[in-house]
Amino acid sequence: MTAPGAAPSAQAIDYVAIAKAAYAAYQLFAAGGLSLEEATQRILDAIGSAKTEILAHIDQVAAAEARSCARHAVIDVADIRLFTPDTLQSFARDTTGCVTLADSLLGAVSDKGAADQLGFAVNAVGPIALLARARAGFDTAGLKSTLRSANNAVLTKLEPVCTREVVSEPGPVRPIVEEIITCTAYNGASASDSRQISPRPQPAIDVDALKAAAAANTSWPVAKAVLPTL
């Protein structure tokens, strides 16, 4: 049983799907499954499909420099095919710098709300930086390592906290014992589930699913979804 209000909002579901689609397009290109132009189009389509929502998250980033560079990347990438070689190389370096800045801030920030918005920002800029470096002919290994570092920081800082409660009530023959697990995200959203553990044990509760439901409106599920693509 999931607590009321814990289900993901449409916007949260879209953001996870958008980030996954953008990173997956780059991954397919790197593996030879897409041409650079095909990957470019998929990434542009993914970002363009929710550009307003992405920029709204970026606008909540507390660090002015990170907020500015992330907005710059999301706005400018639409014209990436028109860039001169020099402009493209500058854009590739700028977006890479934006990712490294976000990673550095995530390593230092203690406020979970600030870490949450940095998590959204880094995964808006991440696919753009990968694309820009690929189009410029730059190596992407260091960038991918930095993106892994940033997303692991998001997972660590924003992981929901789960508690377990065991309750017992009289039964026809012996007491009925249940366990209740509740997971709560940093923003107060929670999700819970229960199962009978005696006398007839039911299947174990999916704690990972509870964490995902509780954290649905944060960047935690985004980081969890994109890490396998990096």
**Student:** Quick check against the 3.5 Å criterion: does N152 have a side-chain atom that pairs as donor or acceptor with the backbone of R148?
**Tutor:** yes
**Student:** I'd like to know if the side chain of D111 and the backbone of A114 have a donor-acceptor N/O pair within less than 3.5 Å.
**Tutor:** yes
**Student:** Hydrophobic clusters here meaning ILVMFWY residues chained together by side-chain heavy-atom distances under 4.5 Å, can you tell me if L143 and L36 are in one?
**Tutor:** yes
**Student:** Do V99 and L147 come close enough that some side-chain heavy atom pair is under 4.5 Å?
**Tutor:** yes
**Student:** Start with the C-alpha gap between N123 and Y15, add the side-chain angles, then the distance that decides, and say whether side-chain hydrogen bond (donor to acceptor under 3.5 Å, both in side chains) holds.
**Tutor:** CA-CA 10 Å; N123 285 313; Y15 204 97; over 6 Å; no
**Student:** Do you know the tightest heavy-atom contact between A46 and I18?
**Tutor:** O-CG2, 3.3 Å
**Student:** Please report the closest heavy-atom contact between A185 and A215, naming both atoms and the distance.
**Tutor:** CB-CA, 4.0 Å
**Student:** If you apply the rule side-chain contact (heavy atoms from CB on, under 4.5 Å), what do you find for F29 with E38, and how did you get there?
**Tutor:** CA-CA 8 Å; F29 158 70; E38 288 171 332; over 6 Å; no
**Student:** Check whether any side-chain N or O of T156 sits under 3.5 Å from a backbone N or O of A153 as a donor-acceptor pair, and report yes or no.
**Tutor:** no
**Student:** Minimum heavy-atom separation for Q196 and R200, please, with both atom names.
**Tutor:** NE2-N, 3.1 Å
**Student:** Check which hydrophobic residues are tied to V166 through side-chain heavy-atom contacts below 4.5 Å, counting indirect links as well, and list them.
**Tutor:** V177, I197
**Student:** Please walk me through it: do S219 and L158 pass side-chain contact (heavy atoms from CB on, under 4.5 Å)?
**Tutor:** CA-CA 8 Å; S219 59; L158 302 185; 3.5 Å; yes
**Student:** Do any pairs count as a disulfide (SG to SG under 2.5 Å) and have a residue in residues 44-123, sequence neighbours left out, and if so which ones?
**Tutor:** C69-C98
**Student:** Report the distance from atom SG of C162 to atom CG of L210, rounding to the nearest 0.5 Å.
**Tutor:** 6.5 Å
**Student:** Does one hydrophobic cluster hold both F138 and L131, with members joined at side-chain heavy-atom distances below 4.5 Å?
**Tutor:** no
**Student:** Output the distance between atom CD1 (I58) and atom CD (E53), rounded to the nearest 0.5 Å.
**Tutor:** 11.5 Å
**Student:** Go through E159 and L155 one step at a time and tell me if the side-chain contact (heavy atoms from CB on, under 4.5 Å) criterion holds.
**Tutor:** CA-CA 6 Å; E159 183 173 13; L155 289 184; over 6 Å; no
**Student:** Is there any side-chain hydrogen bond (donor to acceptor under 3.5 Å, both in side chains) pair reaching into residues 132-142, and which pairs are they, with sequence neighbours excluded?
**Tutor:** Y26-T140, E37-R135, T40-R135, T96-R133
**Student:** Measure up the H57 and F120 rings against each other and bin them: parallel (under 30°), tilted (30 to 60°), perpendicular (over 60°).
**Tutor:** parallel
**Student:** Can you give me the closest heavy-atom contact between A62 and R67, atom names plus distance?
**Tutor:** O-NH1, 3.4 Å
**Student:** Between NZ of K211 and CG of D206, what distance do you get to the nearest 0.5 Å?
**Tutor:** 10.5 Å
**Student:** Apply side-chain contact (heavy atoms from CB on, under 4.5 Å) to residues I205 and I181 and explain how you reach the verdict.
**Tutor:** CA-CA 8 Å; I205 293 170; I181 295 179; 4.0 Å; yes
**Student:** Step by step, would you call D103 with S149 a side-chain hydrogen bond (donor to acceptor under 3.5 Å, both in side chains)?
**Tutor:** CA-CA 7 Å; D103 178 50; S149 171; 2.8 Å; yes
**Student:** Taking 4.0 angstrom as the limit, do R195 and E179 come out as a salt bridge?
**Tutor:** yes
**Student:** Indicate whether the side chain of T84 and that of T87 have a donor and an acceptor atom separated by less than 3.5 Å.
**Tutor:** yes
**Student:** Near Q60 CD, under 6.0 Å, is it more than 12 heavy atoms from other residues, nucleotides or ligands?
**Tutor:** yes
**Student:** Give me the atom names and distance for the closest heavy-atom approach of A25 to L34.
**Tutor:** O-CD1, 3.7 Å
**Student:** To the nearest 0.5 Å, tell me how far L44 CG sits from R42 CZ.
**Tutor:** 12.5 Å
**Student:** Hydrophobic cluster membership, with links at side-chain heavy-atom distances under 4.5 Å among I/L/V/M/F/W/Y: are L55 and V77 in one?
**Tutor:** yes
**Student:** How long is the straight-line distance from OG1 of T95 back to CG of L130, given to the nearest 0.5 Å?
**Tutor:** 8.5 Å
**Student:** Under 3.5 Å, is there a donor-acceptor pair between the side chain of S68 and the main chain of A64?
**Tutor:** no
**Student:** About how many Å separate CG of D76 and CD1 of I128, when rounded to the nearest 0.5 Å?
**Tutor:** 9.5 Å
**Student:** Please check if any side-chain donor atom of N217 sits under 3.5 Å from a side-chain acceptor atom of N187, or the reverse.
**Tutor:** no
**Student:** Do you know the tightest heavy-atom contact between P228 and K224?
**Tutor:** CD-O, 3.3 Å
**Student:** Can you tell whether the side chains of R71 and D59 come within less than 4.0 Å, N to carboxylate O?
**Tutor:** yes
**Student:** Count I, L, V, M, F, W, Y as connected when their side-chain heavy atoms are under 4.5 Å apart, and connections chain through other members. Are V207 and V167 then in the same cluster?
**Tutor:** no
